[in-house]
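Please read the structure below before turning to the comments.
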Amino acid sequence: MEITPSPSPPPSGRFKLFDQLELQEFSDKYVIKSVESPNRGFSISRLHGDIQPLNNDNDGGGCDESSVSPSKTSVIYGVVGTIRLVVGTYMLVIISRKEVGEFLGFPVFRIAAMKFLPCNEALKFSTAQEKRDEAYFMNLLKVVESTPGLYYSYETDITLNLQRRCKLAEGWMSKPIWKSADPRFVWNKSLLEELIEFKLDEFIIPLLQGSFGAAQLKIKESSATVTLVSRRCTRRLGTRMWRRGANLEGDTANFIETEQLLELEGYRSSLLQIRGSIPLLWEQIVDLSYRPCLRIISHEQTSKVVERHFHDLYQRYGDTMAVDLTNKHGDEGQLSAAYAAEMQKLPNVRYVPFDFHHVCGNSNFDNLQILYNQILDDFQKQGYILIDAEGNILEEQKGIIRSNCIDCLDRTNVTQSFLGQKSLTMQLQRIGVLSSIEFITMFSEEYGKFRALWAEQGDEVSLEYAGTHALKGDLVRYGRQTIGGKIKDGMSALSRYYLNNFQDGVRQDALDLISGHYSVNRNGPSPFQLNGFESLSYLPVASAASALIIGGLTITSVTIQQAGRQAQQYLSTVIWAGVTAGVMAVVKANGRQFCSRPRLCGLL
């Protein structure tokens with residue numbers, strides 16, 4: 001099959017993706033063309049999913065029947081990639097987008113809606129087992145279509161932070177965007193392989209999952225833009241309870257790089273922080289209890305895992321300071337103690353334990369100053385990158401703070417926002433907008449915008465990992481907890497319980513499939529039959545659902561008998577009754593879709 005050469009970059013010298021595409025649907029193929037350059041595009045067969053680049057002289061996708069009109073024509077805004085299942089191939093496209101701001105002057109978009117185009121006409125020739133396998137995987141693709149927090153730009157690579165961009169060789173922006181992207185943060189990396197193979201560079205969009213937000217601040221007489229970008233790593237992608245700790249390579253769950261970017265009077269300044277699950281081998285398997293037990297996995301490679309993790313951080317960010325925000329008692333305390341013991345073996349990494357709940361409680365946000373005083377010298381030495389209006393690098397960030405709690409969501413976000421506020425003041429003082437005795441916190445309206453930016457970021461990254469908004473959002477937004485915030489936190493906690501037990505198994509399967517951690521073998525036997533999952537995967541799980549309902553009813557009835565006049569126990573009764581009723585409704589409504597554990601985890 002002939003492969004077309006890569007297109008030349010635009011005259012400006014900066015590579016730009018096609019930002020509007022025409023999708024033509026024929027009986028035997030889909031054709032995707034650039035609206036601005038109709039001779040640029042490709043077709044994909046609806047029978048086998050084979051891609052054919054368009055010839056300049058033939059807009060019909062390699063088809064001689066150029067007079068045939070498409071049955072439907074629509075506009076799409078990008079191609080996310082392709083995935084091959086048991087029989088068919090499926091192409092994911094962007095059907096709705098929203099511009100959300102700019103990153104270093106380039107427009108950034110959030111995906112509002114995606115859909116898979118099925119190229120599975122060969123299913124009609126498949127066996128019954130192949131059809132059943134395909135149906136399960138297709139259900140996972142439906143989950144993928146609703147993935148939150150996906151961002152991209154047609155004109156620049158947003159997976160690269162400001163300091164990393166400054167280190168790249170001159171002329172890198174004239175090359176295809178995907179070639180410069182940080183592979184850790186390309187959400188659709190495994191989906192792009194076929195587009196890359198056919199050199200369809202102008203259609204290849206590296207997607208970032210995380211968050212993106214910007215706020216305009218007026219500080220004294222100066223106008224400033226603060227942009228907050230969080231980049232989720234895909235190496236150990238997953239949901240809250242099904243991806244904990246590290247793998248043997250040292251990659252951790254919920255690893256996120258967050259960049260706080262300041263643009264003011266021609267200056268550009270950036271602070272990087274990272275978060276990630278405690279880099280030990282540990283798990284927390286759901287068992288219908290509100291807080292499942294943490295289990296540390298004993299393994300001869302544990303010390304090597306921790307070493308690999310921090311070596312990778314040093315190579316990328318420089319000296320690392322590990323701030324551990326977990327409790328120092330109970331299950332968390334045991335995990336924290338194991339982490340501390342391993343960190344003693346790494347003399348070049350500073351480990352700082354800080355029991356957030358003990359010191360700050362639920363409302364003493366200002367007590368984070370105690371932590372700040374402990375790390376102040378190293379934090380100032382690490383610094384931030386600062387570039388003047390002429391492009392001269394005045395300062396560089398020489399290290400990074402790695403924060404964690406258990407989920408690396410709520411406590412971590414409160415702490416990172418506090419450190420971000422401290423760094424912003426340092427940067428404004430360095431540029432000369434603030435004097436040495438002035439702080440961003442003195443400008444209440446502008447500081448409120450800054451806090452809101454961090455709170456919204458916390459909600460978004462929490463939705464991606466836990467399925468709910470962040471807890472303790474009020475501490476970030478207002479510096480204290482409100483009655484409304486406590487109610488919201490309570491609802492989010494209940495939602496997390498439900499999602500962890502009854503939905504995240506399917507979500508985890510979808511993430512493993514789309515990220516390439518599970519590969520479908522087209523030529524082998526059914527993966528479900530081979531691993532004994534036939535009944536689990538396809539038959540209604542009435543027995544599991546019944547056991548859950550009976551368990552919920554038992555807890556409810558026992559609690560009612562014991563509740564007496566104690567309000568707290570009465571509240572527990574109401575909660576369990578609600579959970580039970582909700583589960584009964586879900587089972588009745590969804591039948592086959594009910595799932596409590598990932599089905600592909602045993603196949604990885």
Side-chain angles (χ1 to χ4, degrees), residues 15-21 23 32 76-83 90-104 106-117 140-161 164-165 173 175-197 200-213 227-239 254-259 457 460-461 463-465 507 510-517:
F15 195 90
K16 185 177 183 299
L17 301 172
F18 293 131
D19 59 2
Q20 200 169 75
L21 307 175
L23 169 63
I32 295 175
I76 60 175
Y77 301 100
V79 178
V80 176
T82 61
I83 185 169
Y90 301 80
M91 175 169 284
L92 186 57
V93 298
I94 302 168
I95 58 175
S96 181
R97 68 186 180 189
K98 180 181 180 181
E99 187 171 349
V100 292
E102 292 186 349
F103 180 68
L104 299 172
F106 301 104
V108 174
F109 297 83
R110 181 178 67 236
I111 293 180
M114 306 183 289
K115 74 172 181 179
F116 276 99
L117 304 178
L140 298 184
L141 298 187
K142 290 293 183 184
V143 176
V144 172
E145 287 178 339
S146 59
T147 300
L150 296 176
Y151 296 88
Y152 66 97
S153 173
Y154 295 106
E155 300 182 49
T156 195
D157 176 18
I158 62 173
T159 69
L160 296 180
N161 58 63
R164 179 92 179 270
R165 293 165 74 97
M173 292 192 71
K175 298 178 181 179
I177 291 176
W178 69 268
K179 290 188 176 182
S180 63
D182 188 330
R184 296 178 300 159
F185 303 131
V186 180
W187 178 83
N188 55 330
K189 178 185 173 185
S190 69
L191 304 182
L192 294 175
E193 292 175 356
E194 292 197 57
L195 298 181
I196 291 172
E197 178 186 349
L200 297 168
D201 292 337
E202 293 163 308
F203 297 87
I204 299 173
I205 302 177
L207 296 183
L208 167 74
Q209 187 182 40
S211 71
F212 183 94
T227 304
L228 201 60
V229 186
S230 285
R231 305 175 174 99
R232 179 179 299 281
C233 181
T234 62
R235 288 179 174 175
R236 191 159 167 74
L237 197 61
T239 57
N254 203 25
F255 184 91
I256 297 174
E257 174 191 277
T258 297
E259 180 174 22
Q457 180 264 172
E460 191 157 17
V461 298
L463 278 169
E464 294 156 12
Y465 186 53
R507 270 214 307 153
L511 290 171
D512 285 333
L513 181 65
I514 209 71
S515 61
H517 294 149

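We number each residue from 1, following the sequence as shown.
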Next on the checklist: Nearest 0.5 angstrom please: R232 CZ to N254 CG, how far?
Outcome noted: 4.5 Å
Checklist outcome for this item: Across all chains, not counting sequence neighbours, the side chain to side chain contact (heavy atoms under 4.5 Å, CB included) partners of P107 are E99, F109, E155
Checklist entry - Partners of Y154 by side chain to side chain donor-acceptor pair (under 3.5 Å), sequence neighbours excluded? => result R97, Y152
Item to check | Partners meeting side chain to side chain contact (heavy atoms under 4.5 Å, CB included) with E102 (sequence neighbours left out) | outcome: none
Checklist entry - How would you list, by chain and number, every residue that makes a side chain to side chain donor-acceptor pair (under 3.5 Å) with Y90, sequence neighbours excluded? => result N120, E134
Checklist entry - What residues form a side chain to side chain contact (heavy atoms under 4.5 Å, CB included) with R507, not counting sequence neighbours? => result V143, T239, D504
Next on the checklist: Name the residue from V80, V79, I205 that meets the side-chain contact (heavy atoms from CB on, under 4.5 Å) definition with L195.
Outcome noted: V79
Checklist entry - Out of curiosity, Y151 OH to L207 CG, how far, rounded to the nearest 0.5 Å? => result 12.0 Å
Checklist outcome for this item: Hits for side chain to side chain contact (heavy atoms under 4.5 Å, CB included) against S180, two or more places apart or cross-chain, chain-then-number order -> D157, L160, W172
Checklist entry - Is the backbone of R184 close enough, under 3.5 Å, to the side chain of T234 for a donor and an acceptor to pair up by distance? => result yes
Checklist outcome for this item: Residues at least two apart in sequence or cross-chain that pass salt bridge (Lys or Arg N to Asp or Glu O under 4.0 Å) with E460, listed by chain then number, are none
Checklist entry - For the atom pair CH2 (W178) and CD1 (I196), what is the distance rounded to the nearest 0.5 Å? => result 4.0 Å
Next on the checklist: Going by the rule salt bridge (Lys or Arg N to Asp or Glu O under 4.0 Å), which residues pair with R164 if we only count those two or more places apart in sequence or in a different chain?
Outcome noted: D182
Item to check | Nearest heavy atoms of A181 and T159, plus distance in Å | outcome: CA-OG1, 3.4 Å
Checklist entry - Considering residues at least two apart in sequence or located in another chain, which fulfil the side chain to side chain donor-acceptor pair (under 3.5 Å) criterion with T147? => result none
Item to check | Which residues share a ring pair (Phe, Tyr, Trp, His ring centres under 6.0 Å) with F116, sequence neighbours left out | outcome: none
Next on the checklist: Under the rule for side chain to side chain donor-acceptor pair (under 3.5 Å), what residues qualify as partners of N188, not counting sequence neighbours?
Outcome noted: none
Item to check | Straight-line distance of S146 OG to I111 CD1, nearest 0.5 Å | outcome: 12.0 Å
Next on the checklist: Quick one about S515 and S190 (side-chain donor to acceptor, distance below 3.5 Å, no hydrogens or angles considered), yes or no?
Outcome noted: no
